[in-house]
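Below is one structure, written out as structure tokens; comments come after it.
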Amino acid sequence: MMKKTIYIYLIIFMNKRSRPTMHFSINRDYFINQLNHVARAIPGKAAIPVLTGMKLELKSDRLILTGSDASISIESVIETSQEAAQLQVTTPGSIVLSARLFIDIVRKLPTNQVEIQVQDHYNVQLTSGKAVFTIQGVDSSQYPVLPETDEDKPVTLPGLLFKKLINQTIFSASNQENRPILTGLNLSFHDGYLTGVATDSHRLSKRDIPIKDLNPSLKGLNITIPKKTVIELTRILDDESNVTFYVMAQQLVFHFDNLVIYSRLLEGTFPDTSRLIPTTYNTELTVNTQSFSQALERAALLVHVAKSNVVQLKMSQGSVALLVQGISIGQSTEELSYDSLEGDDLTIAFNPDYMRDAVKSFGDTTIKLGFISGERPLLLREDKVEEGHNDLIQLLTPIRTHHA
């Protein structure tokens, strides 16, 4: 009798395990918006096949969507209390679905109400109006578990300000994996401000922003975030939102609105770039960013075709000009308008694309370019620097040519 009872119990247990359940309905437009956010972390191909899928975990009061490529993970939490979501939970459960196919289907469904139900053998039925799709899912237990977050020491910043710091610096990060630490954005925490630095060893971008009520234990902290993480953050983060992040061992977690972004940190020591920034100059040029940027674009037309990527800036008393010469396809000279020129005569050569990126980072304003010589790095900074650690600088290494 005892053996029979145990035998029946095991059959019941196994049947429960083989019949996954999940059933809910949701507003299609709201759902697509959240699916698109989460999909940014999902790779087209992955060494772990389940990572090409999106995990859906339904609880009694919320739906959690998760996408990951192992280095960055994005999680959207949709609660039943969110009126726009129109989330109605029938049966909690979880499943992993092919992200690309699932999103394409939801995007093209005919009505704005979607019903999703997990059936036998991980088949998932999507119903909208008269359209019914059935797609194959995967057991969610195969999906990697995201780390637990230690939310002890939060840092909160205005979303627009943090996005500006990223956009004004991240283009200088390296794309070469031979020095992985240079492929990210370095953040260092100080008393009253946060510094962001990116460099590929040919150019350097540095932005300070004020920060209030920083936990004393975070002062002196230095971390480097992968480029992909901060770029995706700027694409998702709303200008009007605040972003809160938590620093853990080799992990950074961002919280804003109903989204959570988990990111690994780059290992290694970011170089001390403060010693590279000059404080005195032999020549200083003050220009408007818009007119200078447009002149750089015109000069770049020839060098891009010739694939030389070298433009010269010639400064002498009463004259400033951009020159393109020494290439077979042609040459150009353009006299530049400027606000002021002080110091020694100088000719210096540089990559016009790097210079244009640096100039555009300041927006429509007036900037000063400081030069020591034709072989030493040149510095760009705003003409009128704000007080209180809220400034931006760009550093550019010149190109040595026999024309300079």
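All figures in this text were calculated on a predicted structure; none of them were measured in a lab. Excluded from the calculations below are hydrogen atoms, water molecules and symmetry mates; all remaining heavy atoms, backbone and side chain alike, are included.
- With rounding to the nearest 0.5 Å, the separation of OH in Tyr143 from OG in Ser73 is 6.0 Å.
- Looking at every heavy atom in both residues, Pro210 comes nearest to Leu157 through O-CD2, 4.3 Å.
- Expressed to the nearest 0.5 Å, how far CG of Leu160 lies from CG of Asn242 amounts to 11.0 Å.
- Using a 4.5 Å heavy-atom cutoff, the side chains of Thr199 and Ser172 are not in contact.
- Residues Asn112 and Gln86 have side chains that never bring a donor and an acceptor to within less than 3.5 angstrom of each other.
- The minimum heavy-atom distance between Glu382 and Phe362, with the atom names listed, is N-CE2, 3.6 Å.
- Residues Asn36 and Ile103 are in side-chain contact: their nearest non-hydrogen atoms beyond the backbone lie under 4.5 Å apart.
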Pair Glu177-Thr183, side chain to side chain donor-acceptor pair (under 3.5 Å): steps then yes or no | CA-CA 7 Å; Glu177 291 295 335; Thr183 63; 4.7 Å; no

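- The closest side-chain donor-acceptor pair between Asn186 and Asn222 falls under 3.5 angstrom.
- Remark: side-chain polar atoms of Asn167 are paired, donor with acceptor, to backbone N or O of Lys163 under 3.5 angstrom.
- Counting only distance, with no hydrogens or angles, the side chain of Ser128 and the backbone of Gln113 share a donor-acceptor pair below 3.5 Å.
- The number of heavy atoms from other shown groups lying within 6.0 Å of NZ (Lys219) is above 12.
- Side-chain polar atoms of Asp344 and Thr283 form no donor-acceptor pair below 3.5 angstrom.
- Residue Asp364 places its CG atom among more than 12 non-hydrogen atoms of other residues, nucleotides or ligands, all under 6.0 Å distant.
- Other residues, nucleotides and ligands contribute only 12 or fewer heavy atoms inside 6.0 Å of the CG atom of Asp191.
- The side-chain heavy atoms of Leu266 and Pro226, taken from C-beta on, include a pair separated by under 4.5 Å.
- The structure places CG of Leu165 at 9.5 Å from CD1 of Ile170, a figure rounded to the nearest 0.5 Å.
- With contacts defined as side-chain heavy-atom distances shorter than 4.5 Å, the pair Pro271/Leu182 qualifies.
- In plain terms, the two heavy atoms of Gly93 and Met22 that are nearest each other are O-SD, 3.5 Å.
- Counting only heavy atoms from C-beta outward, the side chains of Pro377 and Leu276 never approach each other to under 4.5 Å.
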Quick one: do Phe162 and Phe245 satisfy ring pair (Phe, Tyr, Trp, His ring centres under 6.0 Å)? Show the steps, please.
-> CA-CA 11 Å; Phe162 192 48; Phe245 56 92; 5.8 Å; yes

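- With no hydrogens or angles considered, a side-chain donor-acceptor pair links Asp257 and Ser241 at under 3.5 Å.
- The distance from atom OG of Ser174 to atom NE2 of His202, rounded to the nearest 0.5 Å, is 8.0 Å.
- Annotation for Ile26 and Ala85: closest pair CG1-O, 3.2 Å, computed over non-hydrogen atoms.
- Ile135 contributes atom CD1, which lies 4.5 Å from atom CD1 of Ile105 (distance to the nearest 0.5 angstrom).
- No side-chain donor-acceptor contact under 3.5 Å links Gln290 to the backbone of Lys360.
- Considering CG of Asp353 and CG of Leu296, their distance stands at 9.5 Å, rounded to 0.5 Å.
- At a threshold of 4.5 Å between non-hydrogen side-chain atoms, the residues Gln168 and Ser205 do not count as touching.
- For the pair Ile393/Leu395, no side-chain contact is recorded, criterion being any heavy-atom separation below 4.5 Å from C-beta on.
- When the options Arg381, Met315, Gln394, Met355 are evaluated for a side chain to side chain contact (heavy atoms under 4.5 Å, CB included) with Leu369, the one that passes is Met355.
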Criterion side chain to side chain donor-acceptor pair (under 3.5 Å) on Thr156 and Thr244, from CA distance to verdict | CA-CA 4 Å; Thr156 300; Thr244 299; 2.9 Å; yes

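- With hydrogens and angles ignored, the 3.5 Å screen pairs a side-chain donor or acceptor of Asn258 with a backbone N or O of Val77.
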Go through Thr347 and Lys314 one step at a time and tell me if the side chain to side chain donor-acceptor pair (under 3.5 Å) criterion holds.
-> CA-CA 4 Å; Thr347 299; Lys314 184 176 182 179; 5.5 Å; no

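- Of all heavy-atom pairs between Val303 and Val310, the closest is CG1-O, 3.3 Å.
- Between Ser263 and Thr229, the closest heavy-atom pair is OG-OG1, 2.7 Å.
- Two residues are said to be in side-chain contact when any heavy atoms from C-beta on lie closer than 4.5 Å; Phe31 and Ile116 meet this criterion.
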I would like to know whether Ser188 and His190 meet side chain to side chain contact (heavy atoms under 4.5 Å, CB included); could you show each step before the answer?
-> CA-CA 7 Å; Ser188 54; His190 312 273; 3.0 Å; yes

Show your reasoning for whether side chain to side chain contact (heavy atoms under 4.5 Å, CB included) applies to Thr397 and Tyr354.
-> CA-CA 10 Å; Thr397 301; Tyr354 286 4; over 6 Å; no

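- His37 and Glu232 form no side-chain donor-acceptor contact under 3.5 Å, judged by distance and modelled atom types alone.
- At most 12 heavy atoms of other shown residues, nucleotides or ligands fall within 6.0 angstrom of atom CD in Gln331.
- Summarising the local packing, NZ of Lys164 is surrounded by 12 or fewer heavy atoms from other residues, nucleotides or ligands at distances under 6.0 Å.
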Passes side chain to side chain contact (heavy atoms under 4.5 Å, CB included), Thr66 versus Met54? Steps please.
-> CA-CA 6 Å; Thr66 306; Met54 181 181 295; 6.0 Å; no

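- With a 6.0 Å radius and a threshold of 12 heavy atoms from other residues, nucleotides or ligands, Arg298 has its CZ atom above the threshold.
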Tyr30 and Gln82: CA distance, side-chain angles, deciding distance, side chain to side chain contact (heavy atoms under 4.5 Å, CB included) verdict | CA-CA 10 Å; Tyr30 186 91; Gln82 293 170 252; 2.5 Å; yes

Trace of the side chain to side chain donor-acceptor pair (under 3.5 Å) decision for Thr365 with Thr289 | CA-CA 6 Å; Thr365 187; Thr289 54; over 6 Å; no

